[in-house]
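Note sheet for the following structure.
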Number of protein chains: 2
Amino acid sequence: MAFQSASNAHLSSTAEEEAYLYLQQALRLGRYKPGHRLIPEAIAAEIGMSRMPVREAFRRLSADGLVTLRPNRGCVVAGLTLDQINEVFEIRSVLEGLAVRLIMPRLTLETFEELDRLLLRMERAGEIGGSDWVLRHQEFHAYLYGMSERPKLIRQIAALHVAIEPYMRIWFDYVDKPLSAREEHQNLIDALKSGDGAVAERVMQEHVLGTASLLADFATPNRR
Amino acid sequence: MAFQSASNAHLSSTAEEEAYLYLQQALRLGRYKPGHRLIPEAIAAEIGMSRMPVREAFRRLSADGLVTLRPNRGCVVAGLTLDQINEVFEIRSVLEGLAVRLIMPRLTLETFEELDRLLLRMERAGEIGGSDWVLRHQEFHAYLYGMSERPKLIRQIAALHVAIEPYMRIWFDYVDKPLSAREEHQNLIDALKSGDGAVAERVMQEHVLGTASLLADFATPNRR
DNA sequence: GTTTGGATGAGTGGATACAAAAATCCGGTG
DNA sequence: CACCGGATTTTTGTATCCACTCATCCAAAC
């Protein structure tokens, strides 16, 4: 699965990896607010290592766009403006559109069964209300793109999902339940069943951009 | 400009930055073959610093996909299989297609004048034969996308250009002069002049994928 | 009251030192 | 002659230390 939860990160081989997973998880959950400065020593103490591996983790997080790193000025949580969020959704729309276009020839009955299962799980998570829904939603999409057998594409999409995850969580917590989600994703499945790559691509693009506009409509409390 | 040449990297503020630019440049020029192991101490000695900043540069290069980093096993030059190269072009096609769609409303007369200038420079560089053409070509595209005012999109596209640069250079050196390049890019400009975003997007996608198939046809000596 | 300059301290970047892991070498064994 | 196992060497990963940068604060001048 492309989006692993790293709650028990101490299993990882290197300290740097542990620091990376720990911080990524924290940032995905929105534990640190945008603009908050991450102090290497504090983080290092939290997970029981020295500053060095934490610093290297910072670099990776910076490459992921989750933090901003300026020379001699430390590491601050990145945070996205509304414009930047919209940009991410624009990019997502074409990348995920491409992904579904590519998987069209590989779709089988089992695929659709699995998609139904994932959709059901997503729905249930939504009813319960914990922000687990966000993960189930990612899982649904990840399963789809995973079939494309395009490692770089998959990773890029996953990185974008991670980047906007805190905002998805805030949004989801706020609107309680995205009622439209069920039919949205059912539409998607239907488009896949149509067998027409161009159609599926377009529907996926619209699905992504639709989410973007919902998120944008929902006020703009996270504009930095 | 999105693609700066970093020949005199000693101007940069931090040692890590210097190491990063130095290595990126070397990798772009194809100075190290895929699979070649990069020894931190050697690099550090070359540019007069300790292993530490070089290690951090490795992490950034790894995020860019230029090297592969495995725990306790060092840093090797990444190299792309033919499949991976094609994947990069697939991703490029949709991202660059999106970019031109977005810039449509911003096009002015000055834009087209600048594009003509850039096209001319590209052409001249092609006649001279130095692999400067690759840089001029990147410049042409970068100018176009730069107008989109989508920083993330621009950076992602630039990163992909960097990743395939060594292969573009090999290809260009081999086929001597991409004769079709002139009309290819003129087509692109004409599509932009049409004012139809969907058309421009499609033409750009085809332009990118066309390059991909040219590169793929030209044998596969770089398959790992 | 506002601004500017410098002292002070916190924090970052980088080098060296040390520990741990791989890779290599070498002799023994089947 | 090929293969296996252990010691040695090489290389990586982490910790600690030092130098330097930047931010803050206070005082003096305007």
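The sequence lines fix the lettering, A, B, ..., with proteins before strands; numbering per chain opens at 1.
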* **Any donor-acceptor N/O pair, A:Arg28 side chain to A:Ala26 backbone, under 3.5 Å** => no
* **Member of B:Leu98, B:Leu102, B:Leu95 meeting the side chain to side chain contact (heavy atoms under 4.5 Å, CB included) criterion with B:Arg150** => B:Leu102
* Asked: Could you give the CG-to-P distance, from A:Asn72 to C:dG9, as a whole number of Å?
  -> 20 Å
* **Worked verdict on A:Tyr145 versus A:Glu96 for side chain to side chain donor-acceptor pair (under 3.5 Å)** => CA-CA 7 Å; A:Tyr145 311 142; A:Glu96 301 186 27; 2.3 Å; yes
* To do: For A:Arg73 and C:dG11, give me the distance from atom CZ to atom C1', rounded to whole Å.
  => 12 Å
* Could you check B:Lys152 against A:Ile91 for side-chain contact (heavy atoms from CB on, under 4.5 Å), going step by step and ending with a plain yes or no? => CA-CA 9 Å; B:Lys152 287 173 182 291; A:Ile91 298 173; 4.1 Å; yes
* **Distance in Å, B:Thr211 OG1 paired with B:Phe89 CZ, rounded so as to fall on 0.5 Å steps** => 6.0 Å
* Quick one: A:Arg70 CZ to C:dT12 P, roughly how many Å, whole number? -> 13 Å
* Between A:His137 and A:His185, is any side-chain donor less than 3.5 angstrom from a side-chain acceptor? -> yes
* To do: From the options B:Leu107, B:Leu192, B:Leu188, select the one residue that forms a side chain to side chain contact (heavy atoms under 4.5 Å, CB included) with B:Leu115.
  => B:Leu192
* Does any donor atom in the side chain of B:Glu56 or B:Tyr20 lie under 3.5 Å from an acceptor atom in the other side chain? -> no
* Strictly below 4.0 Å, heavy-atom distances to any atom of DNA chain C: list the hits from residues 40-55 of chain A, or just say none. => A:Pro40, A:Arg51, A:Met52, A:Arg55
* First-last contacting nucleotides on DNA chain D - partner chain B, under 4.0 angstrom, heavy atom -> D:dT11 to D:dA15
